[in-house]
Structures are given as C-alpha cells and as structure tokens.
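The structure under discussion appears below in the form of structure tokens.
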Amino acid sequence: MIEQAQVILVSPDKKSAVIVPIITGHCISCKEACARRGNPFEASNPKLLDIKEGSIVIIDSSKKAEAIQSFFSIAVPTGCAITAYNISGAIADWINVSLTEGFKAACVVAAIGLSCAAIYAVTRFIIKPVKPHITEIC
C-alpha cells in the first residue's frame, strides 16, 4: 500500500504524525478523479523527515506486516473450517447427535466464526499493529 496523505498533527519529537489519506481514485464512468479524505490514523516517521501540519506525504506499509495479516485473515479461518469439517463426526459422537450435512455445515460456520473472533480479539487487544510509515514529502 503506497498512497498520499495529508499531515494534520505532528508529534513534538517528529517520530510520528496523525495523517488523513487522500483518496484519489475515480469511478469507472467518470473521467475526473475526486480527491476525498479518509479517516485519520497515526503513521511513523522513521526517516525523521521535516513534516509540518498540512504537508502532503507518501505513506507505505511494511510488506512483512501485510503478508502476516493476509495469512491470519485467510489461511487460519480456512484451516479451522477444514479441520472442523473433518472432525465433525467426532463432535457429533461426543454430543450424541446424528451426523448430517447440516451438522457438518454448522461446524464449519462455527469454526470460521470462532477463528475470526479470536483473530479480531488478538489483533485488537494483545498485538499492537505495525504503523504505516512516511517515506517522503511531496
């Protein structure tokens, strides 16, 4: 993810800033690109660039963080769903219900829901996400 953003607040040590992304995409049927504002968030300034409020900057995110995020958001729920489908027979025996396709589907949906909820809880309350970083001033 590389995009432009406008700085709205700079920390006193200039190591981070609150920025608002500038959305420059346009609709398929429109020939003109509108510049809309996104929601503000914090970005790091590892190069200690001389940024000021109102500066337009280029931000980038860590490729490693993006790869980890995609793994946990896709592979983990998929793996849990496959595992739940495969052990649905054992679960059915354990709770004394008949094994039907509906029960297998319920196990898969429950596994996806629980794994997504667990990932959400871990990423919001335990692991601090990596901030995008400012790479240059426009």
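Quick caveat, the model's predicted, so the values are computed rather than measured.
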Same cluster for [X] and [Y] if Ile/Leu/Val/Met/Phe/Trp/Tyr side chains link at under 4.5 Å?
{"X": "V57", "Y": "L49", "result": "yes"}
{"X": "V122", "Y": "F72", "result": "no"}
{"X": "I119", "Y": "I112", "result": "no"}
{"X": "L48", "Y": "V10", "result": "no"}
{"X": "V108", "Y": "I82", "result": "no"}

Atom pair [atom1] ([X]) and [atom2] ([Y]), whose distance is rounded to the nearest 0.5 Å:
{"X": "E101", "Y": "K104", "atom1": "CD", "atom2": "NZ", "value": "4.5 Å"}
{"X": "D60", "Y": "E66", "atom1": "CG", "atom2": "CD", "value": "7.5 Å"}
{"X": "S70", "Y": "I68", "atom1": "OG", "atom2": "CD1", "value": "9.0 Å"}
{"X": "I59", "Y": "N45", "atom1": "CD1", "atom2": "CG", "value": "12.0 Å"}
{"X": "I134", "Y": "K14", "atom1": "CD1", "atom2": "NZ", "value": "10.5 Å"}

Nearest heavy-atom neighbours spanning D13 and S11
OD1-OG, 2.6 Å

Over all atoms of both residues, closest heavy-atom pair of P46 and H133
CD-CB, 3.7 Å

Determine whether more than 12 heavy atoms belonging to other residues, nucleotides or ligands lie under 6.0 Å from atom NZ of K15.
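For K15, atom NZ is not crowded (no more than 12 foreign heavy atoms under 6.0 Å).
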
Crowded around F103 CZ? As in, over 12 foreign heavy atoms under 6.0 Å?
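Yes, CZ of F103 has more than 12 neighbouring heavy atoms, counting only those of other groups under 6.0 Å.
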
May I ask you to decide if V7's main-chain N or O and S55's side chain share a donor-acceptor pair within less than 3.5 Å?
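Flag not set: sc S55 to bb V7 has no pair under 3.5 Å.
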
Determine whether a donor-acceptor pair (N or O, by modelled atom type, separation under 3.5 Å) exists between the side chain of K47 and the backbone of T135.
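Yes, because the side chain of K47 sits within donor-acceptor range (under 3.5 Å) of the backbone of T135.
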
Run I91 and C107 through side-chain contact (heavy atoms from CB on, under 4.5 Å) and show every step you take.
CA-CA 9 Å; I91 295 170; C107 288; 4.3 Å; yes

Are the side chains of V18 and F41 in touch, meaning some heavy atoms are under 4.5 Å apart?
no

Taking side chain as C-beta onward, heavy atoms only, is E53 less than 4.5 Å from L9?
yes

